[in-house]
Amino acid sequence: MRGKRILSLIAINMLDQSFSYENFRIILDIENRRGRYLEDGNFFEGDDIFEKTREISKEIVNINGLTRSERLRISIIPEPTPEDFEPLNILKKSKEYMLSRREEVLEETLTEISALANQNDYRISLIKGKIKHGSQLYIHENLAVHHFVLKQLQRNVYKTFKVKQANRRHIVSQIKLLLDDGFPKVIVRTDISSFYESIHHEQLLSKIEQNSLLSYPSKKIIKDVLNQYWQTLIADGIKTSADVRKGIPRGFGISAYLSELYMRDFDRKMSRTPNVTYYARYVDDIIIIFTPESRTENKTADSYKNQVKSLIVQSTQLVVNEDKTNVIDLRKENRDRRATINYKLTYLGYQFVMGYKLNPIERTTTRLALITKMSEKKFERYRSKISIAFDEYLRHSAKYAGAESRANRMLLQRINFISNNFRLTSRKDNVFMGIYFSNEFLSTTTDLKKLDEFLKTEIGRITKPTNTYLIGKLDSISFEQRFVEKKMMKFNLVAFRNGKLLSIWKNL
């Protein structure tokens with residue numbers, strides 16, 4: 001019933017872009033289905049606006065437990081009478097009342113949030129967050145009204161412009177097939193320098209203003225966020241008021257959607273370029289596969305790279321990162337190759353190795369099967385997580401000598417987390433994550449073997465007579481085995497988000 005109600009609300013509100021109770025109710029249901037339980041007391045720090053609905057939900061859970069007990073009691077009665085069913089009927093009526101009461105309180109709460117969002121002076125203040133990988137991230141005050149407004153704003157931009165981020169899994173799957181087909185091709189892989197920081201306001205706002213379907217409140221918030229960002233750059237001395245206004249706040253809720261909108265024209269032009277058989281972009285990481293009409297065409301590999309660079313500049317006024325731009329030329333016939341060679345392409349966490357092996361006796365060259373490995377960056381991230389977990393264990397053990405049980409448990413949980421596979425138990429659909437699901441396109445387990453070897457080395461750092469149980473448990477863990485067997489563990493997403501389990505890796 002709930003699923004039908006959600007679909008019905010969505011259908012009614014397809015063109016409704018308002019910050020209303022009805023739209024916020026849809027957002028709440030969608031977020032809950034995704035495992036983001038907004039009613040949790042810790043979700044909005046200092047803004048526990050859902051306290052009443054959470055108390056009612058606890059009562060409903062309690063009634064469900066009593067109902068199960070009553071049904072069990074009735075099931076063992078040989079010939080139950082209507083009087084035997086009376087307590088169960090009372091519980092059913094109590095649940096119906098509590099469900100109805102919960103909806104009433106939810107409506108009151110979401111209407112209150114809606115009223116805040118529709119005040120004339122409402123705005124989302126831009127706040128500096130942490131610096132990650134050398135880039136300044138931006139956040140907003142952790143209030144329920146801002147969360148709901150930004151989610152609705154994302155939906156408004158998506159519905160109006162039909163923009164969304166590409167699917168990593170689909171891209172990797174397609175690339176793997178294309179690289180292994182043996183057809184002649186030229187591959188250009190590049191990304192854009194300082195992508196978020198380089199998006200021009202004039203060009204972006206022109207796209208937004210020209211669309212009459214996007215609501216005025218949505219446009220107003222977008223322009224205010226961009227203006228706050230620009231004023232922050234000026235205040236920090238990064239820009240001056242005379243500079244060309246450009247840049248969108250990295251990490252902010254609406255920025256990913258705005259960047260997709262900004263790049264849409266380039267995406268279309270690149271996809272329609274002659275001889276382009278495949279084009280994909282994930283944020284600012286771009287890959288283009290050209291299939292020439294002839295292996296012997298009179299066109300250099302660099303000319304393909306320059307063609308891509310030129311189109312990026314013309315369409316977006318952005319520039320490519322030369323250090324991350326490379327071209328792989330696979331136009332030669334096998335018989336024309338005179339050496340053993342491996343071409344390596346790194347994209348979206350994988351390294352694709354396309355090999356050709358020379359037989360020196362027969363003077364023939366054979367194309368080898370495509371090898372898919374972890375990218376060096378991803379592999380090092382796994383190593384870093386392992387190392388940091390053991391560093392934290394040693395630090396905690398030294399600080400709390402004689403009371404190491406908590407540190408033992410936390411280390412084991414952390415290594416289990418990064419080496420295992422999980423189904424998220426707080427979501428209503430099947431969502432999987434873990435060592436296999438993050439690396440499912442690997443064609444070799446070489447990197448996983450190396451992680452197992454590194455784990456053994458780290459275990460050696462903590463071996464002592466008092467923690468033999470912990471060492472035994474850690475010794476039994478294998479990245480390779482868990483990848484191959486795909487065994488699943490249950491994992492609670494709420495605990496994942498709110499606990500300290502993963503906080504030590506937040507800067508990776």
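Just so it is clear, the model here is predicted, and its values are computed rather than measured.
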Quiz prompt | Non-hydrogen side-chain atoms of E440 and F432 separated by less than 4.5 Å | solution = no
Quiz item: For E322, does the CD atom have more than 12 heavy-atom neighbours from other residues, nucleotides or ligands under 6.0 Å away?
Solution: yes
Quiz item: Salt-bridged, D391 to R461, with N to O below 4.0 Å?
Solution: yes
Practice problem: Applying salt bridge (Lys or Arg N to Asp or Glu O under 4.0 Å), name anything that partners D284, two or more places apart in sequence or on another chain. | Solution: none
Self-check item: N-O pairing of R383 and E380 below 4.0 Å
Solution: yes
Quiz item: About how many Å separate OG1 of T445 and CG of N439, when rounded to the nearest 0.5 Å?
Solution: 11.5 Å
Practice problem: Could you tell me which residues satisfy side chain to side chain donor-acceptor pair (under 3.5 Å) with S198, sequence neighbours excluded, listed by chain and number? | Solution: none
Quiz item: Are any side-chain N or O atoms of S206 and backbone N or O atoms of E202, one a donor and one an acceptor, separated by less than 3.5 Å?
Solution: no
Practice problem: Say whether T364 and N359, considering side chains only, have a donor N or O and an acceptor N or O under 3.5 Å apart. | Solution: no
Quiz item: In terms of side-chain geometry, is the basic nitrogen of E453 or K450 positioned less than 4.0 Å from the acidic oxygen of its partner?
Solution: no
Self-check item: Inter- and intrachain pairs under ring pair (Phe, Tyr, Trp, His ring centres under 6.0 Å), touching residues 296-329, at least two apart
Solution: F290-Y304
Quiz item: Does T277 reach the side chain of F183, with side-chain heavy atoms less than 4.5 Å apart?
Solution: no
Quiz item: Can you tell me how far the CD atom of Q314 sits from the CD1 atom of I312, to the nearest 0.5 Å?
Solution: 10.5 Å
Exercise. Determine, for R281 against E260, whether the closest basic-nitrogen to carboxylate-oxygen distance falls under 4.0 angstrom.
Key: yes
Quiz item: How long is the span from the CG atom in L330 to the CG atom in L179, to the nearest 0.5 Å?
Solution: 8.0 Å
Self-check item: Inter-residue atom distance I415.CD1 - E458.CD, 0.5 Å rounding
Solution: 8.5 Å
Quiz item: Are any of the side-chain heavy atoms of N326 and T346 separated by less than 4.5 Å?
Solution: no
Exercise. Apply ring-ring contact (aromatic ring centres under 6.0 Å, His included) to F379 and list each qualifying residue two or more places apart in sequence or on a separate chain.
Key: none
Can I get a per-line list of side-chain donor-acceptor pairs under 3.5 Å for residues 241-258, giving both atom names and the distance, sequence neighbours left out?
| unit_1 | atom_1 | unit_2 | atom_2 | d |
| --- | --- | --- | --- | --- |
| D243 | OD2 | T240 | N | 2.8 |
| D243 | OD2 | T240 | OG1 | 3.4 |
| R245 | NH2 | N227 | OD1 | 3.1 |
| R250 | NE | E197 | OE2 | 2.9 |
| R250 | NH2 | E197 | OE1 | 2.8 |
| R250 | NH2 | E197 | OE2 | 3.4 |
| S255 | OG | P249 | O | 2.5 |

Quiz item: Quick one: CD1 on I287 to OH on Y282, what's the gap to the nearest 0.5 Å?
Solution: 15.5 Å
Quiz item: So which of N420, I435, V484, D447 actually passes side-chain contact (heavy atoms from CB on, under 4.5 Å) with F479?
Solution: I435
Exercise. Take the angle between the ring planes of F148 and F44 and call it parallel below 30°, perpendicular above 60°, tilted in between.
Key: tilted
Quiz item: Could K486 and Y436 be counted as a cation-pi pair, given that NZ or CZ must be under 6.0 Å from the ring centre and within 45° of the axis?
Solution: yes
Self-check item: Sequence-distant partners of H146, side chain to side chain donor-acceptor pair (under 3.5 Å), two or more places apart
Solution: Y122
Quiz item: Checking D180 side chain against K176 main chain: does a donor-acceptor pair fall under 3.5 Å?
Solution: no
Exercise. Please round to the nearest 0.5 Å and tell me the distance separating atom CG of L348 and atom CG of D285.
Key: 6.0 Å
Quiz item: Below 4.0 angstrom, N of the basic side chain to O of the carboxylate: do D265 and K207 qualify?
Solution: yes
